[in-house]
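What follows is a short report on a single structure.
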Protein chains: 2
Amino acid sequence: MVDVDNKKQNLSEREQSILHHVVYNYIQTAVPVGSRYISKHLEKNLSAASIRNVMADLEETGFLSHPHTSAGRVPTDLGYRFYIDYLMEMQQLGDDEKLRIHQQLKQTNDAEEMLRETSKLLGKISHQLSIVTSPHLSSGIFEKIELIPITGSKLLVVISIRTGIVRTIMLEVGAEVPRDHLDQVGRIINERLVGLTLKEIRDSFVDRVRDVQNEKTGLIRLFIESVDQLFTDSKDREKVLIGGTKNIIDQPEFIDPKNFRSVIELIENEDIIVHLLERHDESQRNFVVTVGTENKDETTKEYSFVTATYDVGGVTGRVGIIGPTRMNYGKVIPLVDYVAQAIAKMLSS
Amino acid sequence: MVDVDNKKQNLSEREQSILHHVVYNYIQTAVPVGSRYISKHLEKNLSAASIRNVMADLEETGFLSHPHTSAGRVPTDLGYRFYIDYLMEMQQLGDDEKLRIHQQLKQTNDAEEMLRETSKLLGKISHQLSIVTSPHLSSGIFEKIELIPITGSKLLVVISIRTGIVRTIMLEVGAEVPRDHLDQVGRIINERLVGLTLKEIRDSFVDRVRDVQNEKTGLIRLFIESVDQLFTDSKDREKVLIGGTKNIIDQPEFIDPKNFRSVIELIENEDIIVHLLERHDESQRNFVVTVGTENKDETTKEYSFVTATYDVGGVTGRVGIIGPTRMNYGKVIPLVDYVAQAIAKMLSS
DNA sequence: GTAAGCACTCGATGAGTGTGAGTGCTGTGA
DNA sequence: TCACAGCACTCACACTCATCGAGTGCTTAC
């Protein structure tokens, strides 16, 4: 990996300008851009030949490449990276788009439904695949547990989190447990855990209830055994909602059916995406852009990710976009950022 | 629509035999089958020319067609229908496949997760798109309601249904409601509704609680207003799980990218499928096969559906398969049927 | 360092052609 | 009346070949 920061000084004004033109034009047209075109339309005081020289330099440094001898130049991942960090201008989000987003958010009051629809809209506006994860509960603050007996030997556990999010889990109890006993255990748990995050609870639950072990029904023991299920974002709870497939297939890269397969792979295999988002989560910044091979995953090496965090009183989730590396970063980044903020505002009200 | 039953007598032995060969071979190979091929390999005592005559007759009656003058014959929807009803032999399900299904079903104990994984497996085995709906609650028998206050003005309503299925809905209450009042209202509702189906409740709730209207907090009024939300399969609850996209795109019909789009359309637009499944639900039979244009929907006119009902103590859902009309019906039908039964058994235990 | 000219490369396009599978039709013989 | 052999005809498909044009790389001149 070349150190991009170092490169900033190494590139002359002219080189930067030409790199800018190549990336910008390629993003717009998906066609490799040639020296003659730049000379004619964008950099009129330079001849095509001079531009070719510059391009050759840029290729040597690793910012550009070309698919075959007589084709125009195409940005490399590194080229995109430089473009994003130093050359690109962020595009203002249109008022109509802001309006559409707010209208969509207001429309439903079920949280998951809202996220799903927002994801669809995000895909539609950006013409890319969109991803939205449901809130990451482990940093949420425990408020209250409620135990409800269901037919036979089932027990419904309701866990409230401070922001108003509620999580329900069904547990299998060995035998029927009397109501007053349930209440008693519930009270104990509530007293001891209130104010902690789910993550803290998960890590210290056993210690905190050690002294109540010798009760009759083994209910506490059941809780200890199920602690992961109760206080972790289980696979089926922390959902990744993927939308906008029909938008992305209009992109010119998908005339080639083999690229098609890779997209299908992506939407069927949520695990890949979950994995990548985890990586993003470790970052400190609010939004993250990953270009092509910057994420090590082989299946996504031709795709870029733009994701942002939404934060609802400490409980966070992610929204983002996946698309070909040739992506309109200047437009997509503000869009994702805006949607993340809008979701946060919506969920916290 | 031609009356197929009538046709059964009208087709000679020879015509039936040749129709059988054409359909069977086309299903296997996806290549239009010609007279010469049949004469050489399948009907050795007939010359190609004679077979052509029979084929011409079958084409006139509407069972076959051919894409262009000098191509082999291809079944029409009507041809498939005749094949399914009279000619086809059901294939026994392999032991290894049965085993895979059971292992998959046992693996998870969360109901939705189980359905989702089963759907994936169904897609993998059949090489088609698979669909599974979550149980249709309106015919489920109400057992118990439970009201749980959440932070601020939210109320979690838990409705238990006799088979052990539980449904939770979050309601927005105007102001905080005291616990004893909640209990009281809960008790009233339980007494009056137990044993009824959700559908009955939805239709008669207002009448059944009319006399309790004059209570303080207006809680009953809230319930009356929310009755649809509470006792109907709301859009976000009755989920259609679609899986197996990456299996179906291996089918030869998807070399053409325009067919590609139609599949994407299908998986993004659950509504289309929900709509079609509703139609299927009205049928009395346990499994239903719809070929191509037999369902009137324009977007699915090149697809067939095979669906079966699973029944868990009166609460039902559907499993099924969607694929090109050229589908191995003899294998798929027993498969879908088997999976439906396996799911029912699993959920009721 | 910049520009101009020229040869070269390579993909895309399109016309032309041959091939093979398959049909439709007709005439003949049982 | 039915079976079938033969022949002409039709397409789709794959292949070749020539052409075109965009674009580069290199060399030379200013």
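Just so it is clear: chains get the letters A, B, ... in the order the sequence lines come, proteins before strands, and each one is counted from 1.
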Rounded distance (Å) that lies between atom [atom2] of [N] and atom [atom1] of [X]:
{"X": "A:I18", "N": "D:dG23", "atom1": "CD1", "atom2": "C1'", "answer": "15 Å"}
{"X": "B:H66", "N": "C:dG22", "atom1": "NE2", "atom2": "P", "answer": "13 Å"}
{"X": "A:D57", "N": "D:dC26", "atom1": "CG", "atom2": "C1'", "answer": "15 Å"}
{"X": "A:L64", "N": "D:dG23", "atom1": "CG", "atom2": "C1'", "answer": "14 Å"}
{"X": "B:E15", "N": "D:dC2", "atom1": "CD", "atom2": "P", "answer": "11 Å"}

*asked:* Just to verify, what does B:N247 make a side-chain hydrogen bond (donor to acceptor under 3.5 Å, both in side chains) with, not counting sequence neighbours?
replied: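 Residues passing side-chain hydrogen bond (donor to acceptor under 3.5 Å, both in side chains) with B:N247: none at all.
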
*Using a distance-only test with no angle check, is there a side-chain donor-acceptor pair under 3.5 angstrom linking A:E59 and A:S65?*
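Result is no, nothing qualifies.
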
Check: protein-nucleotides 9-13 of chain C nitrogen or oxygen pairs below 3.5 Å:
from	atom 1	to	atom 2	distance (Å)
C:dT9	O2	A:S70	OG	3.2
C:dC10	O2	A:S70	OG	3.0

_Of residues 35-55 of chain A, the positions that come close to DNA chain C - non-hydrogen atoms, cut-off under 4.0 Å_ =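 By residue number: A:N45, A:L46, A:S47, A:A49, A:S50, A:R52.
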
_Phosphate OP1/OP2 of C:dG1: any A:R14 side-chain N/O under 4.0 Å_ =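 The answer is no; no side-chain N or O of A:R14 sits under 4.0 Å from OP1 or OP2.
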
*Presence of B:R73 side-chain N/O under 4.0 Å of C:dA21 phosphate oxygens OP1/OP2*: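 Looking at the OP1 and OP2 atoms of C:dA21, neither is under 4.0 Å from any side-chain N or O of B:R73.
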
Can you tell whether the side chains of [X] and [Y] come within less than 4.0 Å, N to carboxylate O?
{"X": "B:E97", "Y": "B:R100", "answer": "no"}
{"X": "B:D57", "Y": "B:R14", "answer": "no"}
{"X": "A:D77", "Y": "A:R81", "answer": "no"}

*Between the main-chain N or O of A:S12 and the side-chain N or O of A:E15, is there a donor-acceptor pair closer than 3.5 Å?*
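Between the backbone of A:S12 and the side chain of A:E15 there is a qualifying donor-acceptor contact (under 3.5 Å).
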
*Within the side chain of B:E43, is there an N or O that forms a donor-acceptor pair under 3.5 Å with the backbone of B:I18?*
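Side chain of B:E43 to backbone of B:I18, a donor-acceptor pair under 3.5 Å: no, none is there.
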
N/O donor to acceptor pairs below 3.5 angstrom from side-chain atoms of residues 30-39 of chain B, sequence neighbours left out:
from	atom 1	to	atom 2	distance (Å)
B:S35	OG	B:R52	NH1	3.1
B:S39	OG	B:L46	O	2.9

*Please list, by residue number, the residues of residues 21-33 of chain B whose heavy atoms come closer than 4.0 Å to an atom of DNA chain D; answer none if no residue qualifies.*
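DNA chain D contact set from residues 21-33 of chain B: none.
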
*Within a strict 4.5 Å, meaning less than it, do heavy atoms of the B:F305 and B:N295 side chains meet?*
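The answer is yes, as the side chains (C-beta and beyond) meet within the 4.5 Å cut-off.
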
*Going by the angle between their ring planes, with limits at 30° and 60°, are A:F82 and A:Y86 parallel, tilted or perpendicular?*
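Correct class here is tilted.
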
N/O to N/O distances under 3.5 Å, protein versus nucleotides 17-19 of chain D:
none

_Residue pair A:Y303, A:S262: steps toward the side-chain hydrogen bond (donor to acceptor under 3.5 Å, both in side chains) verdict_ = CA-CA 10 Å; A:Y303 294 90; A:S262 74; 2.6 Å; yes

*Could you go through the side chain to side chain contact (heavy atoms under 4.5 Å, CB included) check for A:V336 and A:F287 one step at a time?*
CA-CA 8 Å; A:V336 169; A:F287 73 86; 5.8 Å; no

_Check: A:F260 ring centre within less than 6.0 Å of B:F260 ring centre_ =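 Yes, close enough.
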
